[in-house]
Q: 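One structure is given below, represented as structure tokens, and several questions about it will come after.
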Amino acid sequence: MSTSVPLLLPNEYHLGEYHVTLARYTPSGWKDTVPPLKAAVTNYRLLLQPQTRRPYNPASIPSTYITKVSDVPLDHRSGVMIALKTGQRLYLFVGWASDLPFTETLQAMLTSPVGTSAFHHQLRQRDLKRMIQFISQL
């Protein structure tokens with residue numbers, strides 16, 4: 001997978017890149033959809049681009065339109081649910097990750113200065129312990 005991110009906006013920076021597929025519920029359970037998507041997360045938005053021979057412009061979901069991100073079980077697989085202000089929910093299977101887990105990178109995007117008014121983040125205990133360890137080593 002290439003690490004190229006579409007043109008970034010002023011003060012925008014790349015947080016992570018992932019290979020995902022949309023998950024759809026069918027009478028026989030949760031299924032992957034085709035084509036797979038390249039998901040690029042920046043501090044301002046989530047970019048989803050189909051992985052096809054024919055190039056497509058990426059779909060851009062600004063962080064201010066995302067209200068909730070969580071890991072969810074989809075049948076016997078782990079997935080990610082992204083709730084949007086429009087009332088829609090995206091369910092994704094993550095196949096490949098660049099660094100941090102997809103949900104952690106999305107949480108980092110949501111807590112950037114652009115998204116703070118629309119999303120109230122709660123600090124996880126694991127993150128708090130990691131911060132305390134870092135500060136105690138200074």
Side-chain angles (χ1 to χ4, degrees):
M1 174 185 274
S2 71
T3 57
S4 64
V5 174
L7 291 175
L8 298 176
L9 302 171
N11 300 319
E12 183 178 28
Y13 53 89
H14 185 254
L15 296 174
E17 195 166 304
Y18 304 85
H19 183 266
V20 302
T21 55
L22 285 171
R24 299 250 169 123
Y25 186 75
T26 67
S28 60
W30 288 94
K31 302 291 181 196
D32 296 271
T33 60
V34 176
L37 305 170
K38 174 178 149 184
V41 182
T42 73
N43 57 322
Y44 290 168
R45 57 195 170 145
L46 168 62
L47 299 160
L48 297 170
Q49 187 168 25
Q51 294 296 291
T52 61
R53 291 183 186 183
R54 185 174 170 192
Y56 289 95
N57 288 329
S60 176
I61 303 173
S63 63
T64 54
Y65 279 84
I66 299 173
T67 59
K68 183 178 180 181
V69 174
S70 60
D71 290 313
V72 293
L74 302 175
D75 288 337
H76 298 289
R77 296 173 64 185
S78 65
V80 174
M81 187 275 301
I82 300 172
L84 304 175
K85 276 187 177 179
T86 60
Q88 297 171 312
R89 291 182 180 205
L90 298 176
Y91 292 92
L92 304 168
F93 292 119
V94 180
W96 178 86
S98 60
D99 284 325
L100 293 173
F102 188 53
T103 51
E104 286 186 28
T105 305
L106 288 173
Q107 295 289 358
M109 174 189 69
L110 294 174
T111 58
S112 73
V114 171
T116 54
S117 63
F119 183 80
H120 302 290
H121 180 67
Q122 293 180 350
L123 189 61
R124 286 184 268 170
Q125 189 156 346
R126 183 179 65 149
D127 294 339
L128 183 60
K129 286 180 182 178
R130 190 171 32 174
M131 190 172 18
I132 291 169
Q133 286 176 337
F134 175 76
I135 293 171
S136 65
Q137 293 175 0
L138 294 177

Q: Going from CG on L106 to CD on E104, what distance comes out if it is rounded to the nearest 0.5 angstrom?
A: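 Interatomic distance, L106 CG to E104 CD, rounded to 0.5 Å: 10.5 Å.
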Q: When rounded to the nearest 0.5 angstrom, what distance separates OG1 in T67 from CD1 in I82?
A: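 T67 OG1 to I82 CD1: 10.5 Å, rounded to 0.5 Å.
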Q: Carefully, step by step, assess T64 and Y44 under the rule side-chain contact (heavy atoms from CB on, under 4.5 Å).
A: CA-CA 8 Å; T64 54; Y44 290 168; over 6 Å; no
Q: Report the C-alpha separation of F93 and V20 in whole Å, then their side-chain angles, then the decisive distance to 0.1 Å, and conclude whether the side-chain contact (heavy atoms from CB on, under 4.5 Å) test is met.
A: CA-CA 6 Å; F93 292 119; V20 302; over 6 Å; no
Q: Taking the side chain as every heavy atom from C-beta outward, state whether T42 and Y13 have any pair of such atoms under 4.5 Å apart.
A: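 Side-chain contact under 4.5 Å: no.
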Q: Begin with the C-alpha distance, continue with both residues' side-chain angles, and end with the deciding distance and a verdict on side-chain contact (heavy atoms from CB on, under 4.5 Å) for K38 and Q51.
A: CA-CA 6 Å; K38 174 178 149 184; Q51 294 296 291; 3.1 Å; yes
Q: Taking the inter-plane angle between the rings of W30 and Y25 on a 0 to 90° scale, is it parallel (under 30°), tilted (30 to 60°) or perpendicular (over 60°)?
A: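 W30 and Y25: perpendicular rings.
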Q: Consider only side-chain heavy atoms of I, L, V, M, F, W and Y, link residues closer than 4.5 Å, and tell whether L22 and I66 are in one cluster.
A: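 L22 and I66: one cluster.
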Q: If you measure from OG on S70 to CZ on R89, what distance do you get to the nearest 0.5 Å?
A: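 Output value for this atom pair is 8.0 Å.
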Q: Measure the CD1-CG distance between I61 and L48 for me, rounded to the nearest 0.5 Å.
A: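 Spacing of CD1 (I61) from CG (L48) equals 5.0 Å.
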Q: Is any side-chain heavy atom of Y18 closer than 4.5 Å to a side-chain heavy atom of V41?
A: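 Answer yes - side chains close enough.
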Q: Could you measure the distance from the CE atom of M81 to the OG1 atom of T103? Nearest 0.5 Å is fine.
A: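 Going from CE on M81 over to OG1 on T103, the span is 11.5 Å.
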Q: Salt-bridge test for R77 and D32: reply yes if a basic N is under 4.0 Å from a carboxylate O, no otherwise.
A: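 Answer for the salt bridge query: yes.
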Q: Measuring from L15:CG to T105:OG1, what's the distance to the nearest 0.5 Å?
A: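 Between L15 CG and T105 OG1, I get 6.5 Å after rounding to 0.5 Å.
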Q: Would L92 and F102 satisfy side-chain contact (heavy atoms from CB on, under 4.5 Å), going step by step from the backbone distance to the final call?
A: CA-CA 10 Å; L92 304 168; F102 188 53; 3.6 Å; yes
Q: Less than 4.5 Å apart, any side-chain heavy atom of M109 and any of N43?
A: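 Side chain of M109 against side chain of N43, heavy atoms only: no contact under 4.5 Å found.
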Q: Is there side-chain contact between V80 and D71, with at least one heavy-atom pair below 4.5 Å?
A: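 Yes, at least one pair of side-chain atoms sits under 4.5 Å.
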